[in-house]
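In the text below, chain A, chain B and the rest are named by the order of the sequence lines, each starting its count at 1.
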2 protein chains.
Amino acid sequence: MQTKNIIEEKNLKLTSARKELLELFGFEKKPISFEDIKHKINMDKATFYRNVSKFESESILNSFESNDKKRYYEIQDFPHAHFICNNCNNIECLENMEPIKLEGYKIFDMIFKGICKSCNK
Amino acid sequence: MQTKNIIEEKNLKLTSARKELLELFGFEKKPISFEDIKHKINMDKATFYRNVSKFESESILNSFESNDKKRYYEIQDFPHAHFICNNCNNIECLENMEPIKLEGYKIFDMIFKGICKSCNK
DNA sequence: AACTTATATGCAACTTAGTCGCAATGGCAA
DNA sequence: TTGCCATTGCGACTAAGTTGCATATAAGTT
Ligand SMILES: [Mn+2]
Ligand SMILES: [Mn+2]
Ligand SMILES: [Zn+2]
Ligand SMILES: [Zn+2]
């Protein structure tokens with residue numbers, strides 16, 4: 001979907017900060033922290049955080065906290081688990097995993113931690 | 001195992017702070033943050049954090065970060081997943097779950113987030 | 001195109017979990 | 001009992017994220 005349509009659908013103003021963020025998140029395939037992109041983007045950190053929070057409450061992004069005390073954001077497409085490597089700190093999207101069910105619970109997010117494929121060789 | 005043996009096995013000094021912590025962690029069944037117990041314990045926060053870090057590197061405790069930006073520690077017994085409720089923020093140990101395997105990866109930790117049994121009613 | 005107004009932004013000050021340097025203390029082995 | 005080194009308390013610090021406030025701007029209205 002186009003950046004403009006995403007925004008209009010949610011009754012938000014299409015500012016240049018929001019354009020920048022949505023293009024960046026649309027382009028990246030991995031979850032991103034503020035630290036990751038602060039040098040690439042042209043906005044204050046308050047603007048970044050206020051926008052990603054709004055995007056999250058509008059179901060455009062979702063987020064989780066990694067090992068490094070930073071919050072990572074990514075486009076909300078189809079639900080999938082994440083693997084965080086304790087060794088290289090890389091975050092992987094596990095897109096081919098069948099979803100796990102727990103009787104009586106609703107699961108929105110799954111995080112696995114351990115040693116990733118390449119560190120495990 | 002006795003507090004004293006745990007400590008001696010790792011060549012650490014059995015200080016009163018360490019006795020307090022190990023008894024507390026042995027007694028509690030749930031993961032604990034510093035905030036949770038700071039009023040019950042008789043030590044500086046630096047002492048708490050230095051000790052739990054050491055215990056973790058000695059494989060006496062393990063830890064993970066929850067939704068509330070706090071780190072939770074618990075006795076390392078048998079590996080199990082945790083469920084964090086987005087609604088009531090309660091942390092549950094999922095002790096009856098069969099472990100999940102991922103070809104090529106080593107999984108040390110699994111965290112599920114969503115809505116817990118009692119909030120889901 | 002100019003006017004209006006609610007929303008969004010930049011900036012600086014703030015919050016808060018956790019860390020660190022350092023001088024004083026205290027386990028424990030000799 | 002002595003002495004050494006790990007451990008402790010304390011205060012200062014760090015860093016991710018938040019907030020208040022004055023200013024700027026998107027977008028609808030005239
Ligand atoms: Mn992902
Ligand atoms: Mn547990
Ligand atoms: Zn790795
Ligand atoms: Zn709940």
Task: Results of side-chain hydrogen bond (donor to acceptor under 3.5 Å, both in side chains) for B:D44 - residues two or more places apart only - done: none
Open item on the list: Listing request: all salt bridge (charged side-chain N to carboxylate O under 4.0 Å, His left out) pairs with a residue in residues 46-64 of chain A, at least two apart in sequence or in separate chains.
Closed with: none
Task: Pairing of A:R71 and A:E65 as salt bridge, 4.0 angstrom limit - done: yes
Task: Annotated protein contacts, base or backbone, on nucleotides 11-16 of chain D with a non-hydrogen cut-off under 4.0 Å, one of B, S, - each - done: -----S
- [ ] Rounded off to whole Å, could you give me the CD-to-P distance for the B:E20 and D:dT8 pair?
- [x] 11 Å
- [ ] Between protein and nucleotides 22-30 of chain D, map the contacts as a letter string: B base, S sugar-phosphate only, - none, heavy atoms under 4.0 Å, written 5' to 3'.
- [x] ----BS---
- [ ] Any salt bridge (charged side-chain N to carboxylate O under 4.0 Å, His left out) involving residues 110-121 of chain B? Give me the pairs, sequence neighbours left out, ordered by first then second residue.
- [x] none
Open item on the list: Under a 4.0 Å threshold between the charged nitrogen and the carboxylate oxygen, would B:E35 count as salt-bridged to B:K45?
Closed with: no
- [ ] Scan residues 54-61 of chain A against DNA chain C and write down, sorted by residue number, each residue with any heavy atom closer than 4.0 Å; if none is found, say none.
- [x] A:K54
Task: Shortest non-hydrogen contact between B:S33 and B:Y72, atoms and distance - done: N-CD2, 3.6 Å
- [ ] Check whether any side-chain nitrogen or oxygen of A:R50 sits under 4.0 Å from OP1 or OP2 of D:dT18, and answer yes or no.
- [x] no
Task: Exercise: identify the closest heavy-atom pair between A:P31 and A:D36 - done: O-OD2, 4.2 Å
TODO: Using ring-ring contact (aromatic ring centres under 6.0 Å, His included) as the criterion, list what pairs up with B:F108, not counting sequence neighbours.
DONE: none
Open item on the list: Please give me the minimum heavy-atom distance between B:D109 and B:S63, naming the atom from each residue.
Closed with: OD2-O, 3.9 Å
- [ ] On DNA chain C, reading 5' to 3', which nucleotide is the first and which the last to sit with an atom under 4.0 Å from a heavy atom of chain B, could you check?
- [x] C:dA17 to C:dC28
TODO: Check whether NZ of the Lys or CZ of the Arg A:K29 lies under 6.0 Å from the centre of the six-membered ring of A:F25 and within 45 degrees of that ring's axis.
DONE: no
Task: Linked hydrophobic residues, A:M110 as query - side chain contacts closer than 4.5 Å - done: A:F83, A:L94, A:M97, A:I100, A:L102, A:Y105, A:I107, A:F112, B:F83, B:L94, B:M97, B:I100, B:L102, B:Y105, B:I107, B:M110, B:F112
Task: Residue pairs passing the side chain to side chain donor-acceptor pair (under 3.5 Å) test where at least one lies in residues 18-27 of chain B, sequence neighbours excluded - done: B:R18-B:N51
TODO: State whether a side-chain donor-acceptor pair under 3.5 Å links B:N89 with B:D68.
DONE: no
Task: Side-chain hydrophobic cluster, 4.5 Å single linkage: members besides A:F78 - done: none
- [ ] Using only heavy-atom distances, determine whether the side chains of B:E74 and B:H80 contain a donor-acceptor pair under 3.5 Å.
- [x] yes
Open item on the list: Is the phosphate of D:dG9 approached by B:N42 (side-chain N or O, under 4.0 Å from OP1 or OP2)?
Closed with: no
- [ ] Quantify the bending of the helix from C:dA1-D:dT30 to C:dA30-D:dT1 as the angle between its end axes, each fitted on five pairs, to 10°.
- [x] 30°
